Amino acid sequence: MSKYIPKSLEKNWQKKWHEAGLYKVDLTDSKKKYYLLVELPYPSGDLHMGHWFTFAVTDILGRLKRMQGYNVFFPVGFDAFGLPAENAAIKRGINPRDWTYGNIETMKKQFATMGGMHDFEHGVITCDPEYYRWNQWIFIKMLEKGLAYRGKILSNWCPKDQTVLANENVEAGRCWRCGTEVVQKEVDQWMLKITDYADRLLWEDKQNFVLLHGFTGRPDKNFFPWLKEALETKGYRVQVPALPDPDDADPMEQIKYVLENCDFDQNTVLLGHSLGAVVAMKVTEALKTKIAGLVLVAPFIEPKFRDHPRPFEKKFNWEFDFKKIKSNISSAITVGDIDDSAVAPAHVKKAAEVLGAELVMVKPNIDHFTGHQEPEVLKQLLSLNKTSQIDWPQPVREGQNNWIGKSEGVIIKFKVKDSSEVIEVFTTRPDTLWGATFIVLAPELDLVFKITTSDKTKEVTAYQEKAVKKSEMERKENKEKTGVFTGAYAINPLNGNEIPVWIADYALAQYGTGSLFGDAHDDRDVEFAKKYGIALTPTVITGDVERDARIKNKEEVFTGYGTLIESGKYTGMSSVEAKRAVIADLVHAKSAEVFVNYHLHDWSISRQRYWGTPIPVIHCQKCGTVPVPEKDLPVVLPEIKDYSPQGKPPLAAAEEWVNVKCPNCAGDAKREVDTMDTFVDSAWYFLRYVDPKNEREIFNKQLVSRWAPVELYIGGAEHTLGHTLYSRFFVKFLHDIGVVPFDEYAKKRVHHGVILGPDGARMSKSHGNVVNPDEQVDQFGADAVRMYLAFLGPYDLVAPWNPTGIRGVYHFLQRVWELNEKVDGYQSTVEGKSKKTVNRKSITHNLSAADLFWMHKTIKKVGEDVSSIKYNTAVAALMEWLNYLSRKAHGGKILHDEYETLLLLVAPFAPHMTEELWQKSHSFTHFDAENSVHKQAWPVFQEQYIKEEKVIIVVQINGKVRENVEVETGADQVAVEKLARASEKIQNYLTGEPKKVIFVPGKLLNFVI
RNA sequence: GCCGAGGUGGUGGAAUGGUAGACACGCAAGACUUAAAAUCUUGUGCCAGCAAUGGCGUGAGGGUUCGAGUCCCUCUCUCGGCACCA
């Protein structure tokens, strides 16, 4: 057999696969679908290690799923609009389109060297008019719904790029692309009203629980008090209703009681114990909203008990609508006692079957789960958490929630003394209003002019001018608070106190109403008040005497909730009570209104650049802003000569294009010259991937509802607040206008890591630490690069490239290659070709128990680990098995079945090499798609082989390992103890009788002395 | 300041509350070689010991447990994000 030389072999297979159309996907195929999505790349013209990490490693999963019988769709397109193309065009005097398409061609060629199953036929290129046409279509739909509007807002402005930047594109006060310091400038912008979707974009995933006790049970009996506490310490809301007549229960009454007295929402988990499980099922059946899950502990669906009949049996008709119950829950678990004295395991099993629920049989602390603690119940209750349909990482959910920043509060109206003006102040802490001693307005507010007294005008104007000039950066850097008094006083609507009104730049014009009241329970307010000698009145105390003394003395600022003092009629109330009372009183007096404030702002999509989607509106002098009629879409970008912005957007120079007739009145009109933010392009591309060439509609709705949501979305953690939030917004909008039936587009989101340069710094040309994948491929082959990236560590790892590390997997591949020689039933010929000479069936039975154990353990491990994005341990498992096979081959041969299985398991990782070996080992004379190793089915692992006959039991003395004994699987404590006590080592420790002996079957024996 | 993720050998990293360090890199010794590379074999957490073996060991300190890298509390450091959000 020849040496393993990846270079020529890989090229050869890439060509043959392509010719044979091995990876052509048919989206109308009825096989189970698997839509694999990676964030679409920007066509920079250079495929770097990061692309390999995301696309080549994800290809491993795609190939596995394909072998497992899924119809895998793995499209790749290009995010082709955006500044770099335009900057390149300006710099080199070329057309951004030529630059972009040239780069795409280069990158496609580079992509081919990965040997992946990526589908470029479906991958859209976002600068293609047939794609951005539908950006324009969506924009017009949003315009119709009032979600797109024109607003003048203070925006982040990059003076170098001459464009507006979204908050997400400002990094530490600088433009994310060019690093120029961003300034604040008021600009006319097209905005998308993402704030209308703020509530729906929140991840409401905090579960709450309703626990139903059983016959003769009580909320304070059995495990209920313990379980309630355990859940509450974890921060969950728990309801444990006392069901009517527990000792002579009428199930119908109990069901009615629960429905009337408990709250249910989509995050509720309902638990029922024994008869409570029956009640729980009937409650679920009657619910109008879907709940998160049902946990049934020792349930039954017929009145048949092992011990004796129960009085409730005849009060209930024992009919369930299981279909209805199933449709009202996302998932269900039934937990049974393996030797319950009342409810037979068969009954529990039956309940599980009719509900399609997971069945867990355990040994509870006390028979029929009546112990004070039943940890298994808690465990199952919490395990339901992870079975949510939409599986996005917790940090993303929390990050997006924080960014949306919902805060519920009130807007309070302060009358200005001797004036008709009113100052509106947003607060979430109306309980501290009584103690308000000043008001602060953001300097930019127009209101400032109206209330400033004449003697203060000079100072106020001077401060305002200074504040406006300050860039965002300076404002943030300068933590020292500044401000000036306006001379005006406002009247506290709660107690009539007159308090001074100041302006200060720590009040942000963009947040809330741009004004706040200051009191003794906010660090910033206290800092400001102390600096300017403004009085403070502490009104909230904790109950801790020492601490309260400090708070009253203003030595400590208490910002939490507590009890009110010095607050008139509210004194003595808790903060929560006081909040409620103050809001009620003020709303009644029309001095306040309840208000929900969001940190999230509307999305400004206007860009004063050329290389983007033209915004499809026409400005008519008579009719105003008129959308371009659908039939006239797309509005195609015109060719222009000069792409550099010169105080006005480059498109303004395309006069022939700009000057149009108004679609309404046919009068002279001008086109909008701004283009769209490229985040619009990437907000819905994954839907168009399914049907990219459709000229009649945005996509075929049926096809998309069959293929989306995607199974897995791989992307960068940096897109948590930008891209993924925007795309969730777009999909929800498309859902609302009836284009798609779902409102989340990705079932699972996983972040990829970042490969740093060997020096630990981010790879960049200026650092000179770039590891070029092409060079690595040249040296070690694509298979080794793929596998090394998979092997590095967890997939979201941020770690440097280790130049010698790749040798490890290269070595692995080489050993797989050379093992071919050692396969029984093959003969090497002089030319380096092998021939199969033995019927493979005849050898199968020659596999020893250990051989089968290793084989099946590896089949299981690799399949499971790759599916759950743990490529590194999957590779490790393959290496372990290879080590086993090598040891075996050292003095003898390995069997054909083993080698063939090994090739199948390695195939997703190293597609080229395994294909070569597969073809050789089958002596195929010419390649045919059906013969490909990649068309073979994934081996099926069989449980029977991975059950070991003998196991090693660890023997411990006081928890320290002292001895190992080998016993038959399933050996009981008596047998193991006997063996352990026979050991000399153990005898040395075991002088007297142990106090206690712990036995974990199949695992360990622990003598406590 | 707030939110999130973490801290395990020389390195990347494994470990459903049950033998910590799988797998790999690196390193060391040996084999092959005139030599080197490649390859193969063996060893490799730290301390003591020729060894058998013993002690210590998952950022620090406490706790729960027969048993803790894993669960709980306090602290500390690193990374990521947000940041004067009323």
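Nothing here was measured: the structure is a model prediction, and the numbers come from that model. Chain A is the first sequence line, chain B the second, and so forth, proteins listed ahead of strands; every chain is numbered from 1.
Distance check: A/Asn988 CG to A/Ile957 CD1 gives 10.0 Å after rounding to the nearest 0.5 Å.
Below the 3.5 angstrom threshold, one finds no donor paired with an acceptor across the side chain of A/Lys960 and the base of B/U19. With hydrogens and angles ignored, no donor-acceptor pair closer than 3.5 Å exists between the side chain of A/Lys995 and the base of B/C66.
For A/Leu792 and A/Phe426, each mapped to the nucleotide of RNA chain B holding its nearest heavy atom, the one lying further toward the 5' end belongs to A/Leu792. Each of A/Val1008 and A/Gly793 was matched to the nucleotide of RNA chain B holding its nearest heavy atom; the match closer to the 5' end belongs to A/Gly793.
Distances shown here put every side-chain N or O of A/His719 at or beyond 4.0 Å from the OP1 or OP2 atom of B/G80. Note on A/Asn872: a side-chain N or O is less than 4.0 Å away from OP1 or OP2 of B/A14. The shortest distance between the side-chain N/O atoms of A/Asn883 and the OP1/OP2 oxygens of B/A24 is below 4.0 Å. Within the 4.0 Å cut-off from OP1 or OP2 of B/G54, at least one side-chain nitrogen or oxygen of A/Tyr989 is found.
Across B/U16, B/C3, B/C56, the shortest atom-to-atom separation from the side chain of A/Asn402 is found for B/C3. Considering only the side chain of A/Phe791, B/A24 comes nearest among B/G18, B/C3, B/A24. Nearest to the side chain of A/Gln956, among B/A86, B/C23, B/G18, sits B/G18. Checking B/A5, B/C40, B/C84 against every side-chain atom of A/Pro395, the shortest atom distance belongs to B/A5. For A/Arg807, the listed nucleotide lying nearest its side chain is B/A38; candidates were B/A38, B/C56, B/A86. Of the candidates B/G18, B/G12, B/U53, B/U53 carries the atom nearest the A/Lys985 side chain, counting heavy atoms from C-beta on. Nearest nucleotide to the A/Leu721 side chain, out of B/G13, B/G26, B/G81: B/G81. With B/U16, B/G12, B/A86 as the choices, the nucleotide that has an atom nearest any side-chain atom of A/Thr428 turns out to be B/A86. Checking B/C25, B/U39, B/G12 against the side-chain heavy atoms of A/Gln814 singles out B/U39 as nearest. Comparing B/G12, B/C23, B/A86 by their closest approach to the side chain of A/Tyr511 singles out B/A86.
B/C27 and B/G17 have their P atoms separated by 37 Å, with the value rounded to a whole Å. Separation of the P atoms belonging to B/U58 and B/G63 is 16 Å when rounded to the nearest angstrom. Taking the P atoms as reference points, B/G59 lies 7 Å from B/G7, given to the whole Å. Using atom P as the reference point in both B/G80 and B/C73, the two lie 26 Å apart (nearest Å). Across the P atoms, B/C47 and B/U42 are found 24 Å apart, a figure rounded to whole Å. Of the C1' atoms belonging to B/U11 and B/G45, the separation is 13 Å, rounded to the nearest Å. For B/A60 and B/U76, the P atoms lie 15 Å apart once the distance is rounded to whole Å. B/C32 and B/U41 are spaced 15 Å apart, taking the P atom of each and rounding to whole Å.
Here A/Phe791 and A/Tyr871 keep their ring centres 6.0 angstrom or further from each other. You'll find the ring centres of A/Trp502 and A/Phe438 outside the 6.0 Å limit.
Relative orientation of the A/Phe679 and A/His723 rings is parallel, given thresholds of 30° and 60° on the angle between their planes. Ring geometry for A/Phe414 against A/Phe517 counts as tilted: the plane angle lies between 30° and 60°, on a 0 to 90° scale.
Looking at heavy-atom distances under 4.0 Å, A/Leu878 makes no contact with the nucleic acid at all. Using a 4.0 Å heavy-atom criterion, one finds that A/Ser515 contacts the bases of the nucleic acid, with or without backbone contacts as well. The residue A/Gly753 sits apart from the nucleic acid: no heavy atom pair falls under 4.0 Å. At the heavy-atom level, A/Pro794 lies under 4.0 Å from the strands shown only through sugar-phosphate atoms. Across all strands, A/Arg962 comes closer than 4.0 Å only to sugar-phosphate atoms, never to a base (heavy-atom distances). Residue contacts shown for A/Asp523 are absent, as no nucleic acid heavy atom lies under 4.0 Å away. Using a 4.0 Å heavy-atom cutoff across all strands shown, A/Asn1006 reaches at least one base atom of the nucleic acid. Within 4.0 Å of A/Glu718, counting heavy atoms only, lies no atom of the nucleic acid at all.
If you measure from atom CZ of A/Phe517 to atom P of B/A86, you get 12 Å, rounded to the nearest angstrom. Per the geometry, NE2 belonging to A/His521 stands 23 Å off P belonging to B/C84, to the nearest Å. The CG atom of A/Leu797 sits 13 Å away from the P atom of B/G6 (whole-angstrom rounding). What separates CG of A/Asn802 from C1' of B/G26 is a distance of 8 Å, to the nearest Å. Rounded to an integer number of Å, the gap from CG of A/Leu789 to C1' of B/A24 is 14 Å. Distance CH2 (A/Trp502) to C1' (B/C84): 17 Å, rounded to an integer number of Å. Rounded to whole Å, the distance from CG on A/Asn988 to P on B/A52 is 17 Å. If you measure from atom CG of A/Leu1004 to atom P of B/A20, you get 11 Å, rounded to the nearest angstrom.
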### Candidate pair A/Thr858 and A/Leu905, rule side-chain contact (heavy atoms from CB on, under 4.5 Å), full reasoning
CA-CA 8 Å; A/Thr858 312; A/Leu905 297 194; 3.8 Å; yes
### Query
Between A/Trp801 and A/Gln776, is a side-chain contact (heavy atoms from CB on, under 4.5 Å) present by the stated rule, with each step listed?
CA-CA 11 Å; A/Trp801 175 270; A/Gln776 298 294 319; 3.5 Å; yes
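Against the 90° criterion about 0, the sugar-base torsion of B/G9 places it in the syn range.
Looking at A/Lys579, A/His521, A/Arg429 one by one, the single match for side chain to side chain donor-acceptor pair (under 3.5 Å) with A/Tyr561 turns out to be A/Lys579.
Base-pair partner of B/A15: not found among the strands shown (Watson-Crick or G-U wobble, both distances under 3.5 Å). Of the nucleotides present, B/C56 is the one that pairs with B/G45 by Watson-Crick or G-U wobble criteria, both distances under 3.5 Å. The partner of B/U39, taking Watson-Crick or G-U wobble pairs whose two distances both stay under 3.5 Å, is B/A31. Using the Watson-Crick or G-U wobble rule with both distances under 3.5 Å, B/C79 pairs with B/G4. With a cut-off of 3.5 Å on both Watson-Crick or G-U wobble distances, the partner of B/A20 is given as none.
Look at A/Glu444 and A/Lys466 and you find no salt bridge, because none of the NZ, NE, NH1 or NH2 atoms lies under 4.0 Å from a carboxylate O.
With A/Phe528 as the aromatic partner, A/Lys481 does not meet the cation-pi criteria of under 6.0 angstrom to the ring centre and within 45 degrees of the ring axis.
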